[in-house]
Amino acid sequence: MDHLDRLEAESIYILREAYKHFGKLGMLWSIGKDSTVMLWLAQKAFFGNCPFPLIHVDTKRKIPEMIEFRDEVAKKYNLNLIVHTNWDAINSGMGPEKGRLECCKALKSEGLQQVIDKYKFEGLIVGIRRDEEGSRSKERVFSERNAESEWDYTDQPPELWDQFKTDFKKGNHIRIHPLLGWNEIDIWEYIKRENIPVVSLYFAKDGKRYRSLGCAPCTSPITSNASNLDEIIEELKNTNETERSGRAQDKADPHALEKLRKHGYM
């Protein structure tokens with residue numbers, strides 16, 4: 001069993017444990033590389049079918065290629081896809097010009113909570129990784145929130161020797177993180193090995209490519225000539241740039257993601 005085999009086996013184990021121990025679950029799908037790998041793993045874990053509805057919180061500001069990819073994949077794999085938009089915020093004129101953190105909170109965090117409340121989800125499966133950003137390194141595989149999805153990152157139980165806590169207070173909300181122990185290169189090497197489809201925006205065109213995907217006004221491409229999987233992997237082995245260097249909300253406030261995630265963000 002090689003490194004990718006071990007990561008795959010652990011993620012499949014986590015997905016099956018979540019299915020066994022928790023009630024109604026949904027799986028967040030941002031359309032990016034990580035959540036698409038997570039979808040692939042879920043299909044492997046459950047013999048070709050994903051037993052969880054996929055949730056895309058659509059801010060109506062995504063790059064068009066992302067939406068095209070979402071719809072193509074959902075149709076190809078016959079996915080149960082929930083697409084939700086916080087129209088109250090959109091119709092009130094919410095956008096990045098109101099403040100990037102305020103915009104993320106309204107369109108993403110509040111939009112996600114609306115989905116949780118509407119469909120009565122007890123937990124969400126999320127494709128975050130510890131190496132991507134500082135506040136995510138504080139997460140646990142099975143991470144407890146209160147009923148409003150608020151996260152107390154100062155009070156996290158230990159997860160020693162892969163012994164995961166799965167008994168939580170009734171009424172609280174659980175986030176499950178099957179990719180927490182993966183890193184960015186692991187993701188791309190797995191995509192290459194498994195031939196997983198990803199959005200074309202990740203591959204360089206005219207000297208630019210996206211390394212992290214988000215809303216169009218807040219996400220910038222990086223300078224790159226990596227136009228295939230081998231070139232992306234090699235580029236990542238030789239860069240000092242952070243993965244989220246193109247995300248504007250991180251530049252607006254170095255603690256932006258921690259503040260957002262404390263109040264329910266992905």
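Both backbone and side-chain heavy atoms feed into the values below; hydrogens, waters and symmetry mates do not.
Paired with E8 under the rule side chain to side chain donor-acceptor pair (under 3.5 Å), one option of Y190, W40, Y13, W182 passes, and it is Y190. Just one residue in the list F121, F46, Y119 forms a ring pair (Phe, Tyr, Trp, His ring centres under 6.0 Å) with F52, and that residue is F46.
Between K237 and I185 the shortest side-chain heavy-atom distance falls below 4.5 Å. Looking only at side-chain heavy atoms (C-beta outward), K105 and E110 come within less than 4.5 Å of each other. Looking only at side-chain heavy atoms (C-beta outward), R129 and D34 come within less than 4.5 Å of each other. Using a 4.5 Å cut-off on side-chain heavy atoms (C-beta onward), C103 and M94 make contact. The closest side-chain heavy-atom distance from T59 to T85 is not below 4.5 Å. Between I14 and L179, every side-chain heavy-atom pair lies at or beyond the 4.5 Å cut-off. You'll find the side chain of C50 reaches within 4.5 Å of the side chain of L39, heavy atoms only. Contact check for K44 versus E194: side-chain heavy atoms found under the 4.5 Å cut-off.
To the nearest 0.5 Å, atoms CG (N78) and CG (N80) are separated by 9.0 Å. Here the CG atom belonging to L180 is positioned 9.5 Å from the OG atom belonging to S11, to the nearest 0.5 angstrom. A distance of 5.5 Å separates CG in L213 from CD1 in I63, rounded to the nearest 0.5 Å. Taking OG of S224 as the reference point, atom CZ of R209 lies at 4.5 Å (rounded to 0.5 Å). For the atom pair I232 CD1 and R211 CZ, the distance stands at 10.5 Å (nearest 0.5 Å). Taken to the nearest 0.5 Å, the NZ atom of K205 stands 11.5 Å off from the OH atom of Y210.
Of all heavy-atom pairs spanning N225 and G207, the tightest one is OD1-CA, 3.7 Å. Across all non-hydrogen atoms, the minimal contact from R100 to C218 is NH1-SG, 3.0 Å. Between G214 and M66 the shortest heavy-atom distance is O-SD, 3.7 Å. Smallest separation of non-hydrogen atoms from Y19 and P51: CE1-CB, 3.9 Å. Here the closest heavy-atom approach between residue R61 and residue P96 is recorded as NE-CD, 4.0 Å. Here the shortest heavy-atom pairing between T36 and P197 reads CG2-O, 3.5 Å.
Between the side chains of S109 and Q113, no donor-acceptor pair is found at a separation under 3.5 Å. Using a 3.5 Å distance cut-off with no hydrogens or angles, the side chains of H84 and Q114 do pair a donor with an acceptor. Between the side chains of K208 and T223, at least one donor N or O sits under 3.5 Å from an acceptor N or O. Q43 and N49 are not linked by any side-chain donor-acceptor pair at a separation below 3.5 angstrom, with hydrogens and angles left out of the test. R175 and H173 are linked by a side-chain donor-acceptor pair at a separation below 3.5 angstrom, with hydrogens and angles left out of the test.
Crowding of N240 atom CG: a count of heavy atoms from other residues, nucleotides or ligands under 6.0 Å not exceeding 12. When the shell of 6.0 Å around NZ of K24 is examined, it contains more than 12 heavy atoms from other residues, nucleotides or ligands. Under a cut-off of 6.0 angstrom, the local environment of NZ in K62 is crowded, with over 12 non-hydrogen atoms contributed by other residues, nucleotides or ligands. Atom CD of E241 is surrounded by 12 or fewer heavy atoms from other residues, nucleotides or ligands within 6.0 Å.
Tracing side-chain contacts under 4.5 Å through hydrophobic residues (I, L, V, M, F, W, Y), one never reaches L107 starting from L112; they form parts of separate clusters. Residues I176 and I187 share a hydrophobic cluster, clusters being chains of Ile/Leu/Val/Met/Phe/Trp/Tyr side chains in contact below 4.5 Å. When hydrophobic clusters are built by joining Ile, Leu, Val, Met, Phe, Trp and Tyr residues whose side-chain heavy atoms come closer than 4.5 Å, directly or via intermediates, I90 is not grouped with V83.
Ion pairing of K33 with E243 is present here, as a side-chain N (NZ or NE/NH1/NH2) and a carboxylate O approach within less than 4.0 Å. Ion pairing of R70 with D58 is present here, as a side-chain N (NZ or NE/NH1/NH2) and a carboxylate O approach within less than 4.0 Å. Ionic pairing of R193 and D5 is present here: one or more N-O contacts between side-chain nitrogen and carboxylate oxygen are shorter than 4.0 angstrom.
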Practice task
Apply the test side-chain contact (heavy atoms from CB on, under 4.5 Å) to residues E122 and L25: give CA-CA distance (whole Å), side-chain angles for both, the deciding distance (0.1 Å), then the verdict.
Solution key: CA-CA 6 Å; E122 296 178 32; L25 295 173; 5.5 Å; no
Practice task
Please report the C-alpha distance between S143 and H177 in whole Å, then the side-chain angles of each, then the deciding distance to 0.1 Å, and finally whether the side-chain contact (heavy atoms from CB on, under 4.5 Å) criterion is met.
Solution key: CA-CA 8 Å; S143 183; H177 303 124; 3.7 Å; yes
Handout entry: Evaluation steps, side-chain contact (heavy atoms from CB on, under 4.5 Å), between L124 and M27
Key = CA-CA 6 Å; L124 295 178; M27 178 179 284; over 6 Å; no
Exercise for the section: Walk me through it: do R145 and I174 pass the test side-chain contact (heavy atoms from CB on, under 4.5 Å)? Expected result: CA-CA 6 Å; R145 268 73 169 159; I174 309 303; over 6 Å; no
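Checking side-chain atoms of S35 against main-chain N and O of W29 turns up no donor-acceptor pair under 3.5 Å. Listed for the E10 side chain is no donor-acceptor partner under 3.5 Å among the backbone atoms of R6. Listed for the T239 side chain is no donor-acceptor partner under 3.5 Å among the backbone atoms of E235. Judged purely by atom type and a 3.5 angstrom limit, N195 has no side-chain atom pairing as donor or acceptor with the backbone of I191.
Aromatic ring pairs are classed by plane angle as parallel below 30°, tilted from 30° to 60° and perpendicular above 60°; the pair F142 and F22 is tilted.
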